[in-house]
2 protein chains.
Amino acid sequence: MNEIKTNSRPSKYVCYKLSRVMRKVHRYYENSFSQYGITPAQFYVLSAVWENDGVKFKDLAKGLEMDGSTLTSILDRLERQDLLERRDDPEDRRSLLVFLTKKAKQSIVEITCLAEKLNQEIKGRFSEEEYAAFERVLEKLSQE
Amino acid sequence: MNEIKTNSRPSKYVCYKLSRVMRKVHRYYENSFSQYGITPAQFYVLSAVWENDGVKFKDLAKGLEMDGSTLTSILDRLERQDLLERRDDPEDRRSLLVFLTKKAKQSIVEITCLAEKLNQEIKGRFSEEEYAAFERVLEKLSQE
DNA sequence: TACAAATAAATGTCTTACCAACAATATTGA
DNA sequence: TCAATATTGTTGGTAAGACATTTATTTGTA
């Protein structure tokens, strides 16, 4: 009595499927990153700053397609952990520049290796063509 | 000077790509659903309850693969909007049954049509094979 | 029966995400 | 020049997701 309907509607919708899968993959990354005390979103920020140390806040947000207020709070947490630093932009007093700390530079390579490994593990579950098609669809969807 | 590195690292990672696309698709649904005063997550819950009116809280959470605490807060909001109702389970005093209200029943069909339309719009951007491959990958990723 | 263990849902905390409103600063254009 | 406008980053609000803890109830077993 009162069985579960295994085919309940929401699973028909792209948005639902995406969010479910995203959560799953996110948790997978999260569990691994937690040994470094950071979250996936924090890793993306560190990674982008590593690529362009001293990047402007504005450009960082734009590059990550992240709302400014979201970035503000992630920077707050990373700064609290002494992983990065905001400095004044000498050219524009409204603007901020973002730098990695020494501490972050010491672990970023190792964390990046982990991220690559996780990525390969996921890719490895699929054939080249299958994965390529997947990425193509993601790419088109992200261009709106 | 100080150009944006368009190829900043994070975009290499599946998890990052997924979350970016998910956010985009989510916003797309969100904008349309907002005319009914609900969010996509709230729609999934309504939709699942509609499929199985009087479903147990526990089974609802399981079916939606949603943490109980997340569902609790979504139910709170839907109950506040008079869209659904918790009732005691006569068979187990720890358990709750979830029902749609009259108000919800009046609009759920219309909202579902909208959801179907959005879904078709997204699917329609791709070829059959392309979309099928995409769904296959999502499916595999969502299993474990 | 009695009591320990398991289960159901709620609560509190943290993180991410979005939006609107705001303060400080820069740019513009009359 | 200087007032209107635009831009930068922060703050505050709400929602969602995850996790740990808590309370009430049920189950299982000694």
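Residue numbers begin at 1 in each chain, while the letters A, B, ... track the order of the sequences.
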In whole Å, what is the span from the [atom1] atom of [X] to the [atom2] atom of [N]?
{"X": "B/F57", "N": "C/dT7", "atom1": "CZ", "atom2": "C1'", "result": "13 Å"}
{"X": "B/M22", "N": "C/dT16", "atom1": "CE", "atom2": "P", "result": "14 Å"}
{"X": "B/L75", "N": "C/dA10", "atom1": "CG", "atom2": "P", "result": "7 Å"}
{"X": "A/I38", "N": "C/dT16", "atom1": "CD1", "atom2": "C1'", "result": "15 Å"}
{"X": "B/D76", "N": "C/dA9", "atom1": "CG", "atom2": "C1'", "result": "11 Å"}
{"X": "A/Y29", "N": "C/dT16", "atom1": "OH", "atom2": "P", "result": "16 Å"}

What distance do A/D88 atom CG and A/R93 atom CZ have between them, rounded to the nearest 0.5 Å?
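Result: 8.5 Å between the selected atoms.
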
Could you pull out all residues at least two apart from B/R87 that satisfy salt bridge (charged side-chain N to carboxylate O under 4.0 Å, His left out)?
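B/R87 satisfies salt bridge (charged side-chain N to carboxylate O under 4.0 Å, His left out) with B/E85 once adjacent residues are dropped.
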
Show me the pairs that pass salt bridge (Lys or Arg N to Asp or Glu O under 4.0 Å) and involve residues 64-78 of chain B, at least two apart or across chains.
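Output for this query lists A/R20-B/E65, A/K24-B/E65, B/D76-B/R86.
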
Base, sugar-phosphate, or nothing for A/E30, non-hydrogen atoms under 4.0 angstrom?
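No contact at all - A/E30 keeps every heavy atom at 4.0 Å or more from the nucleic acid.
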
Under 4.0 Å, heavy atoms only, any strand: does A/R27 hit a base, just the sugar-phosphate, or nothing?
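Here A/R27 touches the backbone only, sparing every base.
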
For B/S19 and A/R94, take the nucleotide of DNA chain C holding the closest heavy atom to each; which residue's nucleotide lies nearer the 5' end?
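It is B/S19, whose closest nucleotide lies nearer the 5' terminus.
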
Judged by each residue's nearest nucleotide on DNA chain D, which is more toward the 5′ side, A/N31 or B/T39?
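Result of the comparison: B/T39.
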
Are A/F43 and A/Y29 close enough that their ring centers fall under 6.0 Å?
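No, too far apart.
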
For A/F134 and A/Y131, I'd like to know if the aromatic rings sit close, meaning centre-to-centre distance below 6.0 Å.
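Between A/Y131 and A/F134, which both carry aromatic rings, the centre distance is below 6.0 Å.
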
Please name the pair of heavy atoms, one in A/V21 and one in B/L138, separated by the smallest distance, quoted to 0.1 Å.
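Looks like CG2-O, 3.4 Å.
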
Please report the closest heavy-atom contact between A/L60 and A/V45, naming both atoms and the distance.
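So the two residues come closest at CD2-CG1, 4.3 Å.
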
Going through the checks in order, is the side-chain contact (heavy atoms from CB on, under 4.5 Å) test met by B/V137 and A/F126?
CA-CA 8 Å; B/V137 173; A/F126 306 96; 3.7 Å; yes

Any non-hydrogen side-chain atom of B/L97 less than 4.5 Å from a side-chain atom of B/P90?
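Of all side-chain heavy-atom pairs linking B/P90 with B/L97, at least one is under 4.5 Å.
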
Using a cut-off of less than 4.0 Å, is there contact between a side-chain N or O of B/R93 and OP1 or OP2 of C/dA8?
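For C/dA8, neither OP1 nor OP2 has a side-chain N or O of B/R93 closer than 4.0 Å.
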
B/R86 vs C/dA9: side-chain N/O to OP1/OP2 distance below 4.0 Å:
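Answer no for this pair, as no side-chain N or O of B/R86 is under 4.0 Å from OP1 or OP2.
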
Between the first and last five pairs of the helix from C/dT1-D/dA30 to C/dA30-D/dT1, the angle of the axes, rounded to 10 degrees
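Comparing the first five pairs with the last five, the axes sit 0° apart.
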
For B/Y44 and A/Y16, take the angle between the two ring planes, folded into 0 to 90°, and tell me which bin it lands in: parallel under 30, tilted 30 to 60, perpendicular over 60.
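Aromatic pair B/Y44/A/Y16 classed perpendicular.
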
Partners of A/R136 by side-chain contact (heavy atoms from CB on, under 4.5 Å), sequence neighbours excluded?
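Residues passing side-chain contact (heavy atoms from CB on, under 4.5 Å) with A/R136: A/A132, A/A133, B/E130.
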
For DNA chain D, which residues of residues 67-74 of chain B approach it to below 4.0 angstrom with any heavy atom?
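Heavy-atom contacts with DNA chain D come from B/D67, B/S69, B/T70, B/I74.
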
Quick one: how far along DNA chain D does chain A reach, first to last nucleotide 5' to 3', anything under 4.0 Å to a heavy atom?
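So the contact region on DNA chain D extends D/dT7 to D/dA18.
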
